[in-house]
Amino acid sequence: MAGAQEYVPAGTGLPELRRAVQDCQGCGLYRNATQAVFGEGRESARVMVIGEQPGEKEDRQGRPFVGPAGRMLDRALVDVGIDRTEVYVTNATKHFKFSRERGKRRIHQKPSRTEVRACRPWLEAELRVVRPDLVICLGATAAQGLLRPSFRITQERGAVLELPEHDARVVATIHPSAILRAEDRETMYQGFVADLRVAAGVLRSLQAG
Ligand code: URA
Ligand code: SF4
């Protein structure tokens, strides 16, 4: 797998990157998806939220976090007082990976570590252009892809970490989809909000300093 690098135009802004990602064949995931789903938000956003991959809805609409997980994220950002217009949302991989159930329904499958690595140049390009002060990783795929393969959400969620090569802080938490699947949604949601509150605190202290 060659990876996305050769498809990523150098030195361009988000509109060019968003156009170019539609031609990416850096891994096999482009074959079955409807389209690539690039990140969304202002180039001046101070926060970058990284999810796993586009879901079913995102694949159809071509926009990240427009489905149920996105609504959960939006609600939590409001709860902790992070201004949504300061947030750029994207994913570790830009194409939807799925298997078909009974020939029809598309069931989301986790991208492999190789696919995440193949897609990393797009994320790097987004980081270079947006230059966020703070990155929020949603779930293990994002955190392991960005930080290190041994990263454990259960042990390291809610901690303030560093991304020295991008001069940014990082906070990792659970994926909002995990809340939607959980039996005790309220407890999971409160934990999610507690982690995001740490992120909101980092932003406030950066603003004050
Ligand atoms: N889940 C993600 O990780 N990303 C999306 O864009 C939607 C759902
Ligand atoms: Fe390219 Fe990423 Fe899509 Fe793979 S998932 S084809 S690397 S954009």
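Just so you know, ligand 1 is whichever comes first in the structure, and atom 1 is the first atom listed for that ligand. Index from 1, following the sequence.
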Could you check Arg60 against Arg106 for side-chain contact (heavy atoms from CB on, under 4.5 Å), going step by step and ending with a plain yes or no? CA-CA 12 Å; Arg60 292 190 194 286; Arg106 302 190 302 171; 3.8 Å; yes

Ligand 1 atoms in contact with His175 (distance to a heavy atom under 4.0 Å): 1 (N), 2 (C), 3 (O)

For Glu52, atoms of ligand 1 separated by under 4.0 Å from a heavy atom: 2 (C), 3 (O)

Using side-chain contact (heavy atoms from CB on, under 4.5 Å), reason through Leu29 and Phe96 one step at a time and then give a plain yes or no. CA-CA 7 Å; Leu29 292 183; Phe96 178 40; over 6 Å; no

Crowding at CZ, Arg131 (>12 non-hydrogen neighbours, <6.0 Å): no

Whether the side chain of Asp59 engages the backbone of Thr34 through a donor-acceptor N/O pair (distance < 3.5 Å, no angle test) should be reported.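 Indeed, once roles are kept as given, a pair shorter than 3.5 Å links the two residues.
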
Going by the 4.0 angstrom heavy-atom rule, the piece of Trp122 near ligand 2 is side chain

Considering non-hydrogen atoms only, spot the tightest contact between Ala143 and Ile153 and give its length. CB-CD1, 4.1 Å

Is the closest heavy-atom distance from Lys57 to ligand 1 below 4.0 Å? no

Quick one: which ligand 2 atoms are inside 4.0 Å of a heavy atom on [X]?
| X | value |
| --- | --- |
| Lys94 | 5 (S), 8 (S) |
| Cys119 | 2 (Fe), 5 (S), 7 (S), 8 (S) |
| Tyr30 | 6 (S) |
| Gly26 | 1 (Fe), 6 (S), 7 (S) |

Geometry only, no angles: is Gly51 polar-contacting ligand 1 at N/O separations under 3.5 Å? no

Do ligand 1 and Gln53 have nitrogen or oxygen atoms that lie under 3.5 Å from each other?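 For ligand 1, there is an N or O atom that lies under 3.5 Å from one belonging to Gln53.
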
Residue pair Glu115, Lys97: steps toward the salt bridge (Lys or Arg N to Asp or Glu O under 4.0 Å) verdict: CA-CA 10 Å; Glu115 288 156 348; Lys97 182 178 184 179; 3.0 Å; yes

CA sep, side-chain torsions, deciding dist, call: Arg120, Gln5, side-chain contact (heavy atoms from CB on, under 4.5 Å): CA-CA 8 Å; Arg120 174 84 183 229; Gln5 193 60 62; over 6 Å; no

Which protein non-hydrogen atom lies closest to atom 1 (Fe) of ligand 2, naming both residue and atom, and how far is it?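 Going by distance alone, atom 1 (Fe) of ligand 2 is nearest to Cys24 SG, 2.3 Å.
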
For atom 4 (N) of ligand 1, what is the nearest protein heavy atom, given as residue, atom name and distance?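 Result: Asn91 OD1, 2.6 Å.
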
Would you say atom 3 (Fe) of ligand 2 has His95 as a near neighbour, meaning an N/O/S atom of that residue under 2.8 Å away? yes

Listed once per pair and sorted, the side chain to side chain donor-acceptor pair (under 3.5 Å) pairs that draw on residues 10-22, sequence neighbours left out: none

Is the distance from atom 4 (Fe) of ligand 2 to some N, O or S atom of Cys27 under 2.8 Å? yes

Closer than 4.0 angstrom, basic N to acidic O: yes or no for Arg84 and Asp74?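 Yes, charged N to carboxylate O under 4.0 Å.
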
